[in-house]
Student: 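First, the structure itself, so that you have it in front of you.
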Amino acid sequence: MNDSTIPRGNAILQSYGTTIFTTMSALATELGAVNLGQGFPDDNGPEDVRKVAAEALLHDSNQYPSMRGTPALRAAVAEHDKRFYGLDIDPADGVLVTSGATEALAACILALTNPGDEVIVIEPLYDSYVPMIRRAGAVPKFVRLAPPHWKLDAETLAKAVTPQTRAILFNTPHNPTGAVLSRLELELIADLLRAHPHITAICDEVYEHLLFDGIIHVPLMTLPGMARRVLKIGSAGKSFSLTGWKVGYVSGDAALIDLLAKAHQFLTFTTPPNLQAGVAYGLAKDDSYFQQFIATLQAKRNLLTTALSDIGFHVLPCAGTYFLTTSYSRFADLPANNFAEKLAREAKVATIPYDPFYADPDGAPPPRLIRFCFAKQDASLNQAVTNLRKALRFE
Ligand code: PMP
Ligand code: GLN
């Protein structure tokens, strides 16, 4: 094909490169580096959950399941939301199962916005939000949080609202910062929704089971008056360390879930039934599974925080998620992309530079920050620490 016959594709999507997660994982593979970049555990997830899915694959139906999710998984999501948060979700019409939280996010954006509508997003942000908002013809309005505490402030939030605002999309516990929105900050968002009945909150809560130091996850949906105003997104990938499964679930009021189903039916329509069976089983696991999960990840957070601080990184507080944010200003003045590449090549440790978590053209990302993922086996974390000590000349 010569140049004139190559289709140009969609201008918005084609303006983006390959995601930083894929880029850094590919670099880690190429270099044989320890991958503390992309957020996925390097073990195989709970065997009992995988067994249920394997049995279902062999013995149950492998044809299209119900469009909104298998009755068993929808019931399990509703029961989970009751058990952990006291929410009253109707399994018949208040749950939608999606192919990962990624699809749920896309479906929410496509279902709630018309071209020209505005969606408030909170920076730093997960990389799929802005491309999908723009592809839907909507306009992102940025509210920025500042390191090291990443606090949401009422004034900045209020300024982002216009008559065109249709949704606010945010993530707590927060990737990449590891911050968790406090009840006070959630109240600010709830106040905004109360003052503006035309705005819906899309709550990306994929790390809802990964909060440390006894902090409790508070879904916005549990605040007074919020039950009918919020779509709450979860991910089996994160809650069961099975990121390749891509099973997500959205809970909400029936009217909002109806809107959402109109997008989902044309995006993926359904999600593999055997994986839904595994996730339904997983969500019903007893409290000890979820407690142990937190304890294990908290120990990994502590291990990496201590080691990186000792090496000379400035490690920012982390209350939840898989991720530690660190400043490398002690070592270099390079832009984050260059420093992350140097670290991968010279220390054989892959990380994620912070810049791709920013999309507002009106503000440069804060300098010299990179993200480490600690959801890895202790052997991987220890190997990374050894490599970093050597490369940064501590041994
Ligand atoms: N939101 C956030 C904040 C994430 O970190 C991720 C990454 N897993 C997702 C959504 C996407 O989740 P899933 O893998 O279930 O599509
Ligand atoms: N959520 C993961 C992260 O932040 C990556 C998922 C992906 O690669 N799309 O690292």
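Note that these values count all heavy atoms, side chains included, but never hydrogens, waters or copies made by symmetry. Everything numeric in this text was worked out from a predicted model, so none of it was measured.
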Student: List the steps and the verdict of side chain to side chain donor-acceptor pair (under 3.5 Å) for Gln383 and Asn387.
Tutor: CA-CA 6 Å; Gln383 184 63 56; Asn387 292 2; 2.9 Å; yes
Student: Main chain of Leu193, side chain of Arg229: is a donor-acceptor contact present, judged purely on distance under 3.5 Å?
Tutor: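 Answer holds: yes.
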Student: So do the side chains of Leu188 and Leu192 get within less than 4.5 Å of each other, counting heavy atoms only?
Tutor: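 Answer no - side chains too far apart.
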Student: For the backbone of Val218 and the side chain of Thr222, can you confirm whether one donor and one acceptor N or O come within less than 3.5 Å of each other?
Tutor: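 No: the side chain of Thr222 does not pair with the backbone of Val218.
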Student: Who pairs with Phe269 by ring pair (Phe, Tyr, Trp, His ring centres under 6.0 Å), at least two apart in sequence or on another chain?
Tutor: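 Checked Phe269 against ring pair (Phe, Tyr, Trp, His ring centres under 6.0 Å); matches are Tyr64.
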Student: Atom NZ of residue position Lys151 - does it have more than 12 heavy atoms of other residues, nucleotides or ligands inside 6.0 Å?
Tutor: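 More than 12 within 6.0 Å, yes.
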Student: Please determine, by modelled atom types, if Glu185 and Ser182 share a side-chain donor-acceptor pair under 3.5 angstrom.
Tutor: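 Yes - a donor-acceptor pair under 3.5 Å links their side chains.
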Student: Report the C-alpha separation of Asp286 and Arg83 in whole Å, then their side-chain angles, then the decisive distance to 0.1 Å, and conclude whether the salt bridge (Lys or Arg N to Asp or Glu O under 4.0 Å) test is met.
Tutor: CA-CA 10 Å; Asp286 62 28; Arg83 166 161 62 131; over 6 Å; no
Student: For Asp204 and Tyr129, does a side-chain donor sit closer than 3.5 Å to a side-chain acceptor?
Tutor: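 Yes, Tyr129 and Asp204 have a side-chain donor paired with an acceptor closer than 3.5 Å.
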Student: Answer yes or no on whether Lys376 is positioned over the face of Phe40, meaning its NZ or CZ is under 6.0 Å from the six-membered ring centre and within 45° of the axis.
Tutor: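 Here Lys376 passes the 6.0 Å and 45° test against Phe40.
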Student: Near Arg228 CZ, under 6.0 Å, is it more than 12 heavy atoms from other residues, nucleotides or ligands?
Tutor: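 It does not: Arg228 CZ has 12 such atoms or fewer within range.
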Student: With a 4.5 Å heavy-atom cut-off, do Leu152 and Leu145 have their side chains touching?
Tutor: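 In short, these two side chains touch, coming nearer than 4.5 Å.
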Student: In Å, rounded to the nearest 0.5 Å, how long is the span from NZ of Lys342 to CZ of Phe331?
Tutor: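 Rounded to the nearest 0.5 Å, the NZ-CZ separation comes to 12.0 Å.
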Student: Which residues pass the side chain to side chain contact (heavy atoms under 4.5 Å, CB included) test with Asp153, sequence neighbours left out?
Tutor: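 Residues passing side chain to side chain contact (heavy atoms under 4.5 Å, CB included) with Asp153: Glu155, Thr156.
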Student: What residue among Ile120, Ile122, Val121, Asp362 forms side-chain contact (heavy atoms from CB on, under 4.5 Å) with Phe142?
Tutor: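 Answer to the side-chain contact (heavy atoms from CB on, under 4.5 Å) test with Phe142 among Ile120, Ile122, Val121, Asp362: Val121.
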Student: Any side-chain heavy-atom pair from Asn10 and Arg135 closer than 4.5 angstrom?
Tutor: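 The answer is yes; the side chains approach within 4.5 Å.
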Student: Once rounded to the nearest 0.5 Å, what's the spacing between atom CD1 of Ile216 and atom CZ of Arg183?
Tutor: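 If we round to the nearest 0.5 Å, Ile216:CD1 and Arg183:CZ are 11.0 Å apart.
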Student: May I have the step-by-step check of side chain to side chain donor-acceptor pair (under 3.5 Å) for Asn175 and Arg371, ending in yes or no?
Tutor: CA-CA 10 Å; Asn175 176 10; Arg371 189 193 82 177; 2.7 Å; yes
